[in-house]
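Data first, discussion second: the structure below is written as structure tokens.
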Amino acid sequence: MLYTIFTLSLISLVLLFWLYKLICHCFFKPFHLWKNQENSSVPSKEATMLSIKKLKDGKFPLLEIEVVFENFSGYPIQRGLRFRDSKPHLNRFKKDGKVRITLDPNKKPNPPYFLHSGKYKVSLIYILLCSLFTITYVAGCYFLMGEAISRIVSAPRYHENLFSNSSETTETLLFVSIILIVLNYILKKTGLLTSKRTKSQNWDLMYYGLGTMATVTSYEDTGTLINENPVVKFNYTYEDEAGNTLVGSDKKIVGKLEVIGLPDIHEIEIMYLPNNPQVSKLMVNLQKQSFQNFVNAMFMFCFFIFSVILVVSFYNDIF
């Protein structure tokens, strides 16, 4: 029964994982925002628009704007917003103009900022659609697993042989797992993919951190190349709010033509956590999180495709 137990456990974990993701996206996040706004714990801030770009025309054009606003600690940061303009005739978005945004700390690890649209309301239609989709998903999982267990109990030896020779074999899954682990290691080594802990720390630094200029004490080539550009480690010292001198280091991709000018870099902008000043990173690394988010999203998409193939293969084996 080894292959049978292994296959049922794997399918169950995959189905539960996507159920958790579904419930978080449909219910937890909207109600968290509504609750926090009711308790006045979601602040609204004024942001200055640095640039506006129209990505797509139409009745409701798709816009991308760069804004500067204060984070939760009151330090100004620059971020990008992409949205559809529901009232283009008002011409509300202009360079150097003002716009109000809402900051919700419960959206972590996703960006906590979005355009302020007045009092947030949970749409009844949205809740009904999410509830219907969730009920359908749970009912489908219940039917699939219930019928599978019923058929396996009625013919355990047949299904054990079936699973041992099917696409869910231990060898196939082990091979896929090794490929994913190696790819994950390479991407993290090059800095293109961050761990959950690092991603959380970067989020805290960007949205709760304070910025300052750090004095570069030394730099060293890490030996890693990304697009033929070296990754350089900067060692630096800086002062926190209390005037204490702290030591930090961070890595940065440096262009081949910029390597010559490294000896002339004496100061570099960093951000550190006020409640934990020892934690710091280069500002430039925190500003460029879009590609890392893209890589994380691609990993999640690949896992979704893998989950679909796994469940469909399991369905074909059972039925």
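Everything numeric in this text was worked out from a predicted model, so none of it was measured.
- Between Ile318 atom CD1 and Leu8 atom CG the span is 7.0 Å, to the nearest 0.5 Å.
- Shown here is Leu55, whose CG atom has more than 12 heavy atoms of other residues, nucleotides or ligands within 6.0 Å.
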Exercise. Dump the intermediate steps for side chain to side chain contact (heavy atoms under 4.5 Å, CB included) on Ile101 and Leu81, then the final yes or no.
Key: CA-CA 10 Å; Ile101 62 170; Leu81 273 169; 4.0 Å; yes
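- One distance of note links NE2 of His89 with OG of Ser86; it measures 8.5 Å at 0.5 Å rounding.
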Quiz item: Passes side chain to side chain contact (heavy atoms under 4.5 Å, CB included), Arg92 versus Val99? Steps please.
Solution: CA-CA 8 Å; Arg92 298 173 294 173; Val99 65; over 6 Å; no
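- A centroid separation of less than 6.0 Å is found between the aromatic rings of Trp18 and Phe304.
- A 4.5 Å side-chain heavy-atom check between Glu258 and Pro230 finds every atom pair outside the cut-off.
- In this structure, Phe319 places its CZ atom where more than 12 heavy-atom neighbours from other residues, nucleotides or ligands lie under 6.0 Å away.
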Quiz prompt | Lys281 vs Ile270, side chain to side chain contact (heavy atoms under 4.5 Å, CB included): CA-CA, chis, key distance, verdict | solution = CA-CA 5 Å; Lys281 284 203 172 182; Ile270 67 163; over 6 Å; no
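- A salt bridge does not link Asp250 to Lys233: none of the charged nitrogens lies less than 4.0 Å from a carboxylate oxygen.
- Here the closest non-hydrogen pair linking Gly248 and Tyr238 is N-CE2, 4.2 Å.
- Asn235 places no side-chain N or O within 3.5 Å of a backbone atom of Ser249 that could act as its donor or acceptor partner.
- The closest donor-acceptor contact from the side chain of Asp204 to the backbone of Tyr208 lies at 3.5 Å or more, if one exists at all.
- In this structure, Phe17 has its ring center under 6.0 Å from that of Phe303.
- Between Pro274 and Ser73, the shortest heavy-atom contact is CG-OG, 4.1 Å.
- Under a hydrophobic clustering in which Ile, Leu, Val, Met, Phe, Trp and Tyr are joined whenever their side-chain heavy atoms come within less than 4.5 Å, directly or via other members, Leu257 and Ile265 fall into different clusters.
- In this structure a side-chain-to-backbone donor-acceptor pair under 3.5 Å is missing from Asp57 to Pro61.
- Two residues are said to be in side-chain contact when any heavy atoms from C-beta on lie closer than 4.5 Å; Met300 and Lys21 meet this criterion.
- The one candidate from Leu246, Val247, Val216 that meets the side-chain contact (heavy atoms from CB on, under 4.5 Å) condition with Thr237 is Val247.
- Counted within 6.0 Å of CG on Leu90, heavy atoms from surrounding residues, nucleotides or ligands total more than 12; the atom is thus considered enclosed.
- The closest donor-acceptor contact from the side chain of Asn276 to the backbone of Val279 lies at 3.5 Å or more, if one exists at all.
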Quiz item: Stepwise, does the side chain to side chain contact (heavy atoms under 4.5 Å, CB included) test hold for Lys53 with Leu63?
Solution: CA-CA 6 Å; Lys53 184 187 298 182; Leu63 303 180; over 6 Å; no
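- In this structure, Val284 is a member of the same hydrophobic cluster as Val259, with clusters built from ILVMFWY side-chain heavy atoms closer than 4.5 Å.
- With Glu160 contributing its side chain and Thr4 its backbone, the two residues share a donor-acceptor pair below 3.5 Å.
- A donor-acceptor pair under 3.5 Å links the side-chain atoms of Thr222 to the main chain of Val231, judged by distance alone.
- By the rule that hydrophobic residues join a cluster once side-chain heavy atoms approach within less than 4.5 Å of another member, Phe306 and Leu13 end up as members of separate clusters.
- The two atoms that bring Ser280 and Tyr272 nearest to each other are CB-CB, 4.0 Å, heavy atoms only.
- Between Tyr207 and Phe72, the two ring planes are perpendicular [angle over 60°; tilted spans 30° to 60°].
- Residues Ile135 and Tyr137 have side chains not in contact (no heavy-atom distance under 4.5 Å, counting atoms from C-beta outward).
- Proximity of Phe69 to Thr48: side-chain heavy atoms (C-beta onward) are nowhere separated by under 4.5 Å.
- To the nearest 0.5 Å, atoms CD (Glu147) and OH (Tyr142) are separated by 11.0 Å.
- Taking the ring centroids of Phe83 and Phe93, they lie under the 6.0 Å cut-off.
- When every heavy atom of Phe314 is checked against every heavy atom of Ala148, the shortest pair comes out as CZ-CB, 3.6 Å.
- Put simply, the side chain of Tyr236 never gets that close to the backbone of Ser218: no donor and acceptor are under 3.5 Å apart.
- Between Met49 and Lys98, the closest side-chain pair of non-hydrogen atoms is not below 4.5 Å.
- Using a distance-only test at 3.5 Å, with no hydrogens or angles considered, a donor-acceptor pair links the side chain of Arg84 to the main chain of Phe60.
- Between the CD atom of Glu66 and the CZ atom of Arg79 there is a distance of 8.5 Å, given to the nearest 0.5 Å.
- Leu262 is listed as a side-chain neighbour of Phe234, based on a closest heavy-atom distance under 4.5 Å.
- The side-chain contact (heavy atoms from CB on, under 4.5 Å) test with Met271 singles out one residue from Asn202, Leu210, Asn71, and that residue is Asn71.
- At a threshold of 4.5 Å between side-chain heavy atoms, the hydrophobic network of Ile, Leu, Val, Met, Phe, Trp and Tyr places Met213 and Ile268 in two separate groups.
- Between Pro263 and Tyr219, the closest heavy-atom pair is CG-OH, 3.3 Å.
- The structure places CG of Asp264 at 6.0 Å from NE2 of His266, a figure rounded to the nearest 0.5 Å.
- With hydrogens and angles disregarded, a donor-acceptor distance shorter than 3.5 Å links the side chain of Asn161 to the backbone of Arg157.
- By the criterion of side-chain heavy atoms lying less than 4.5 angstrom apart, applied directly or through intervening Ile, Leu, Val, Met, Phe, Trp or Tyr residues, Leu19 is grouped together with Val308 in one hydrophobic cluster.
- Between the side chain of Ser313 and the backbone N or O of Ile309, no donor-acceptor pair lies under 3.5 Å.
- Note that the OG atom of Ser51 and the CD atom of Gln78 stand 7.5 Å from one another [nearest 0.5 Å].
- Glu269 has its side chain out of reach of Leu282: every pair of non-hydrogen atoms, C-beta onward, lies at least 4.5 Å apart.
- Between Arg151 and His159 the shortest side-chain heavy-atom distance falls below 4.5 Å.
- Residues Thr136 and Leu132 approach most closely at OG1-O, 2.8 Å, considering heavy atoms.
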